[in-house]
> 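Mind looking over this structure? Questions follow.
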Amino acid sequence: MFGNFRIRANFPTRRRAARPVRIKATDPATGEHVWLDPEESIVVLPMVHFLPPGMLRDPPVEPEDWTGATLEAKEIMPARPVPWEKATQNQLTFDQTFNVECLALTLAKIGHAYAAAEFGLDNFEPFLPAIIRGERGCIHTYVGGDVEQLQDPGLLHSIRLRLGHPSYGSRADFLLMVSIGLLSQFGSPTALVIVGRAKEDWAWREAERHSEASQAQRGSERSGRASGKDAAL
């Protein structure tokens, strides 16, 4: 999906033998192709800035396309000098194709799988399986951009489960969401996937458990600070 950028970054792949080891460039003067080492190549990372999922807009909508989304092309320059003598006009062009629908579907799959693994399918009403199977076409209602960004320079990807969302108040009540920073290490924007509606009895238990855990953590921190003061005295 990310083309030459995947080759340059040497991402993990299930089909390593099928992945090209060099990147194709074109000499615009002759139309001939030149094959370069990835470190010699300019590659582009396509980054999509989505609007929020239609379900969370005010008022909620069911968009039919990605109108309002913007595409940013982030250039990654060569890591070492390019042997421009391979080109007759000291110019080379690099192709980069990208499919927003493919990205959105990938985000939906990640979000659904992660929520199901962490919370179990018995605890929420899933919205995405029919969309993932291609039986429904309303992916724009559930997949969009997050107003909060997950960007950790130490992590290739970032992910966070949410029960509700502080930026959307009551509109997000009982909605189970996943914030996904795909390639967040490179500054990619964070996507938000609404994976389903949590069952209320489970949601209340989960909220209570989280509250108790937070109180226990704060109590432990206060105890640790008090112990430190005693030691200092």
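Below, each value reflects all heavy atoms present in this structure, side chains not excepted, and no hydrogens, waters or symmetry copies.
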> Determine the interplanar angle of the Phe119 and Trp202 rings, folded into 0 to 90°, and report it as parallel if under 30°, tilted if 30 to 60°, perpendicular if over 60°.
perpendicular

> Looking only at heavy atoms, what is the nearest atom pair of Ala203 and Ala198, with distance?
CB-CB, 4.1 Å

> Which atom names give the shortest non-hydrogen contact between Ser184 and Ser158, and what distance separates them?
OG-OG, 2.9 Å

> Counting only heavy atoms from other residues, nucleotides and ligands, does the tally under 6.0 Å from CD of Gln149 exceed 12?
yes

> Do Val61 and Phe50 sit in one hydrophobic cluster, given that two such residues count as connected whenever their side-chain heavy atoms are within less than 4.5 Å of each other, even indirectly?
no

> For the residue pair Ile132 and Ala108, what are the closest heavy atoms and their distance?
CD1-O, 3.9 Å

> Check the orientation of Phe5 and Phe11. Use parallel for under 30°, tilted for 30 to 60°, and perpendicular for over 60°.
perpendicular

> So does Leu183 get a backbone contact from the side chain of Ser188, meaning a donor-acceptor N/O pair under 3.5 Å?
yes

> Could you check whether any side-chain heavy atom of Pro52 comes within less than 4.5 Å of a side-chain heavy atom of Leu192, counting everything from C-beta outward?
no

> Please check: side-chain N/O of Ser41 versus main-chain N/O of Val43, any donor-acceptor pairing under 3.5 Å?
no

> Distance-only, no hydrogens or angles: does the Lys24 side chain make a donor-acceptor pair with backbone N or O of Leu36 under 3.5 Å?
no

> Identify whether Ile110 and Leu155 are in the same connected component of the hydrophobic contact network (ILVMFWY, side-chain heavy atoms under 4.5 Å).
no

> Check step by step if ring-ring contact (aromatic ring centres under 6.0 Å, His included) holds for Phe174 and Phe124.
CA-CA 9 Å; Phe174 300 108; Phe124 68 98; over 10 Å; no

> Tell me, do Leu45 and Glu72 make a side-chain contact under 4.5 Å, heavy atoms counted?
no

> Report the C-alpha separation of Arg162 and Asp146 in whole Å, then their side-chain angles, then the decisive distance to 0.1 Å, and conclude whether the salt bridge (charged side-chain N to carboxylate O under 4.0 Å, His left out) test is met.
CA-CA 12 Å; Arg162 296 179 179 275; Asp146 199 340; 3.7 Å; yes

> Between the side chains of His49 and Thr70, is a donor N or O closer than 3.5 angstrom to an acceptor N or O?
no

> Does Asp95 offer a backbone N or O that forms a donor-acceptor pair with the side chain of Asn4 under 3.5 Å?
yes

> Indicate the atoms forming the closest heavy-atom contact of Ile131 with Phe127, along with that distance.
CD1-O, 4.0 Å

> Check Met47 against Pro189 and note the closest heavy-atom contact, atom names and distance.
CB-CD, 3.8 Å

> Hey, is CD on Glu62 packed in by over 12 heavy atoms from elsewhere, all under 6.0 Å?
no

> I'd like to know whether CD of Glu64 has more than 12 heavy-atom contacts from other residues, nucleotides or ligands below 6.0 angstrom.
no

> Taking the side chain as everything from C-beta on, heavy atoms only, tell me whether Lys199 gets closer than 4.5 Å to Arg205.
no

> Can you spot which of Val178, Val193, Leu128 makes a side-chain contact (heavy atoms from CB on, under 4.5 Å) with His112?
Leu128

